[in-house]
Amino acid sequence: MSEHERNILVTSALPYANGDLHLGHMVEYLQTDIWVRFQKMRGHRCIFVCATDTHGTPIMLRAQKEGIAPEDLIARVGEVMSKDFSDFLVDFDNFHSTHSQENRELVETMYLRLRDAGHIRSEVIKQAFDEQENMFLPDRFVRGECPRCGAADQYGDSCESCGATYSPGDLKNPVSVLSGTPPSERESEHFFFRLGDFEEMLREWVSSGRLHESVSRKLEEWFDAGLKDWDISRDAPYFGFEIPDQPGKYFYVWLDAPVGYQASFLNLCKRRDDLDFDEFWGRDSKAELYHFIGKDIVYFHSLFWPAVLTGANYRTPTAVFAHGFLTVNGQKMSKSRGTFITARTYLDHLDPEYLRYYYASKLGAGIDDIDLNLEDFTARVNSDLVGKLVNIASRCAGFISKRFDGQLSDELMDPALFAEFTQASEGIAQAYESREFARAMREIMALADKANQFIDTHKPWVMAKDPEQLHAVQAVCTQGLNMFRVLMGFLKPVLPGIAQRAEEFLATGDMNWDSVSSPLLGTKIETFKPLAVRVDPQSVNAMVDASREDLKTSEKTKPMDPIADEIDINTFASVDLRVARIVNAQQVEGAEKLLQLTLDIGGETRNVFAGIKAAYDPETLIGRLTVMVANLKPRKMRFGLSEGMVLAAGPGGADIFILSPDEGAEPGMRIK
RNA sequence: GGUGAUGUAGCUCAGACGGUUAGAGCGACGGACUCAUAACCCGUAGGUCGGUGGUUCAAUUCCACCCAUCACCA
């Protein structure tokens, strides 16, 4: 394989400096890091840059709330993130910040080039304004009733209940999230990027294999709907960069964030003589440029970004790689279930390489979500990494150390089998290259099975009892260790730490992609020490518990719902609460949030629609006891008559908890 | 509401440009072994491939509709 050396610049999406990194974020950084390490192992020049995304209203407000300057907030968050990344063995060539001199200059340059080329226009628009806080409100900062379905407390841009999209002005009874007062509407001049100027260029760019097929299909929507101009300005007060010659107007965070990729790279260029900014970003750059992103920000990276780059006379990305989201135990991460796990909480309990391997074993090139099933995680890491892979070294090392003073044989016992391993190299490399990590892991583990079978067939522990066969024992174990070494080389992008310990154990030096194809013969190895220990399920449980505890402490700081007005005992007694057995629970066709429950309250059964679909699987409800309001006036709903109400607590969505009586309660018993 | 993606053994996932007995790992069960971090090896059981309808000699694979889950709607 004498592939020419490639020049590659890679980015991960910039994490927003307003909170902790969690295991969902890590999917992307680990995916990118594995890919970059693979490229470096292949001998290519591959530069991996990232930065904190630091601008916008949420960061400004959070800093205000903490009583510190936004600069101090983003500096602090940046340091925490940087530590999280390095502890997860994410090896950026540079981790910078969008609030940097480089970024300011690049954004200004970009804007001026776009403006001078006629791609910017201005328009006076109406926007929600908080009179008390004296600032314009982003859509998400206005809440009110959905104009279509009337659902209460919805965001200003879309309704979570019926899915309608609209603008904040359409909401009924809107209030500002900041002050709780109804917003007024004010006019303001905004600047727009004429995206439509780039339609032809974008159509060509999108359809030339730079995006996964499912992503380009999704983008067809935008072209079909017609490309709209993009609002790139925001009014003061805003934490960001002021637009040149437009006092009080700031660049929208989504304009300067991707420029942060360039800024981070430029910052690196200043410190490295071998890198030239224009070689990678110039219009005629021959270098490859890849952005790894989540599927939620495909639009920004595959329409705005290539258009803005083109308009400002830069090159466009070679490809944009979008990945799916993370679920934990099959569901959205949930703080109450303890599955909203921060990067730090994970690191406090478990080895980062286990997550790297687990993600790798599930990642493909597409935008499918991946699931972190914690039981599967434990089983898979223990079985694959410890039981299969490390076991090969572990079961061979003892013989070589004790019987042969660490000396390997001078030749391979089964060169054909070894060749089978090395010949898998290109297929596995191809899988890494195309980000089919799961396929690569499967192939590697299939080889690990072969290695174990080989040892099992030749039974060195039997031969070791016969002095005449000692030579064969050495040969079997030498073969085994060499197969292990090849596999460890293949896994080095995923498991850099374990690979390094294996290099030390085998005394083999720094392995690259090709070097492992030449077997290690006649040399001495070091004493074997466990390269990886098994995942203790207790640690996984402790991590989940700690994630729940994080919630407890954070909730203490939240104001409690105010206690309602005092009532007397008679008022309470007028509510007839009964123990009920859920005899049936099922989905309601066409309902977004409801489950249909059939409740047995002793003498009779009731039909109740409960808004708990996001929180409960109907199967698990059947048979259990709960508490219902039995004398609530029946309510006619779109799906039928609801004859009562099940008692539950919680903020809503997946965080709803229905009540259960203690053991011994019977359906129909009154609660008093 | 619109658009895209996903739905295959208990769990996590492969796969099939339509065609003989639909695969893997884990888990379960049985056996063998004892070199190895109770690891490893051999074997068995497990699926009407989300549902309904259509096209076809033939569909889990193509088409339509429906249901569920995820995402996006600038």
Side-chain angles (χ1 to χ4, degrees), chain A residues 139 148-149 157-159 162-166 192-193 195 212-222 224-232 252 254 294-300 303-304 322 324-327 329-332 358 361-362 364 366-400 402-403 436 438-439 441-443 445-446 448-449 451-465 473 476-477 480 528-534 587-590 592 613-614 617-618:
Chain A
D139 292 356
R148 190 165 84 194
C149 75
D157 52 359
S158 67
C159 174
C162 74
T165 56
Y166 40 77
F192 289 80
F193 171 65
L195 186 62
H212 196 258
E213 202 185 328
S214 57
V215 173
S216 23
R217 270 204 289 274
K218 177 78 180 142
L219 287 174
E220 283 302 315
E221 253 183 80
W222 284 46
D224 292 347
L227 298 176
K228 291 186 209 158
D229 293 346
W230 181 36
D231 186 350
I232 56 160
Y252 176 40
W254 260 114
K295 64 180 176 181
D296 53 332
I297 55 175
V298 159
Y299 292 104
F300 292 102
L303 291 180
F304 296 145
F325 278 49
L326 180 75
T327 56
N329 293 337
Q331 294 182 294
K332 267 192 208 184
Y358 189 73
S361 77
K362 306 196 90 164
I367 57 169
D368 304 342
D369 291 352
I370 67 169
D371 185 43
L372 167 59
N373 180 293
L374 292 169
E375 279 179 30
D376 184 53
F377 166 82
T378 307
R380 180 160 225 136
V381 167
N382 288 345
S383 168
D384 287 2
L385 290 189
V386 182
K388 290 181 182 178
L389 180 77
V390 171
N391 185 46
I392 301 167
S394 175
R395 67 195 303 195
C396 292
F399 290 114
I400 296 287
K402 285 179 204 141
R403 308 273 183 147
E436 294 287 356
R439 198 173 82 219
M441 296 308 110
R442 274 200 305 279
E443 288 183 24
M445 284 308 144
D449 285 343
N452 275 310
Q453 283 159 16
F454 169 84
I455 296 162
D456 209 67
T457 305
H458 293 283
K459 301 190 178 15
W461 55 93
V462 174
M463 294 191 285
K465 289 171 186 155
V473 171
V476 170
C477 294
F528 180 80
K529 288 178 228 127
L531 299 169
V533 294
R534 307 174 72 76
Q587 304 282 356
V588 182
E589 197 166 310
E592 296 270 336
K613 180 170 164 176
D617 174 3

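Note on naming: letters A, B, ... go to the chains in the order of the sequence lines (proteins, then strands), and numbering restarts at 1 for each one.
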Notebook entry, point to check: Can you check B:rG46 for me, syn or anti if syn means within 90° of 0?
Noted result: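 B:rG46: syn glycosidic orientation.
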
Contact class for [X] (heavy atom, under 4.0 Å): base, sugar-phosphate, or nothing?
{"X": "A:Val390", "result": "base"}
{"X": "A:Gly364", "result": "nothing"}
{"X": "A:Asp368", "result": "sugar-phosphate"}
{"X": "A:Asp371", "result": "sugar-phosphate"}
{"X": "A:Pro530", "result": "base"}
{"X": "A:Gly398", "result": "nothing"}
{"X": "A:Arg439", "result": "nothing"}
{"X": "A:Leu219", "result": "nothing"}
{"X": "A:Ala532", "result": "base"}

Item checked: Presence of salt bridge, A:Asp371 and A:Lys362, under 4.0 angstrom -> no

Notebook entry, point to check: Parallel, tilted or perpendicular for A:Phe304 and A:Trp230, by the 30°/60° rule?
Noted result: parallel

Check: If only side-chain N and O atoms of A:Lys362 are considered, is one of them under 4.0 Å from the OP1 or OP2 phosphate oxygen of B:rC13?
Finding: yes

Notebook entry, point to check: B:rC42 phosphate, OP1 or OP2: any side-chain N/O from A:Gln453 under 4.0 angstrom?
Noted result: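 True: A:Gln453 side-chain N/O within range (under 4.0 Å) of B:rC42 OP1/OP2.
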
Next item on the list: Rounded to whole angstrom, note down the C1' distance from B:rG47 over to B:rC66.
Entry: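 Here B:rG47 and B:rC66 have their C1' atoms 23 Å from each other.
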
Notebook entry, point to check: Using atom C1' of each nucleotide, how far apart are B:rC11 and B:rA28 to the nearest Å?
Noted result: 12 Å

Check: Would you find more than 12 non-hydrogen atoms of other residues, nucleotides or ligands less than 6.0 Å from A:Lys402 atom NZ?
Finding: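 At most 12 heavy atoms, drawn from other residues, nucleotides or ligands, come within 6.0 Å of this atom.
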
Checklist line | Rounded interatomic separation in angstrom, taking CG from A:Asn329 and P from B:rU12 | finding: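 Rounded to whole Å, this separation is 9 Å.
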
Margin query: For Watson-Crick and G-U wobble pairs within 3.5 Å on both distances, what is RNA chain B written in dot-bracket notation, | included for inter-strand pairing?
Written below: (((((((..((((.....[...)))).((((.........)))).....(((((..]....)))))))))))).

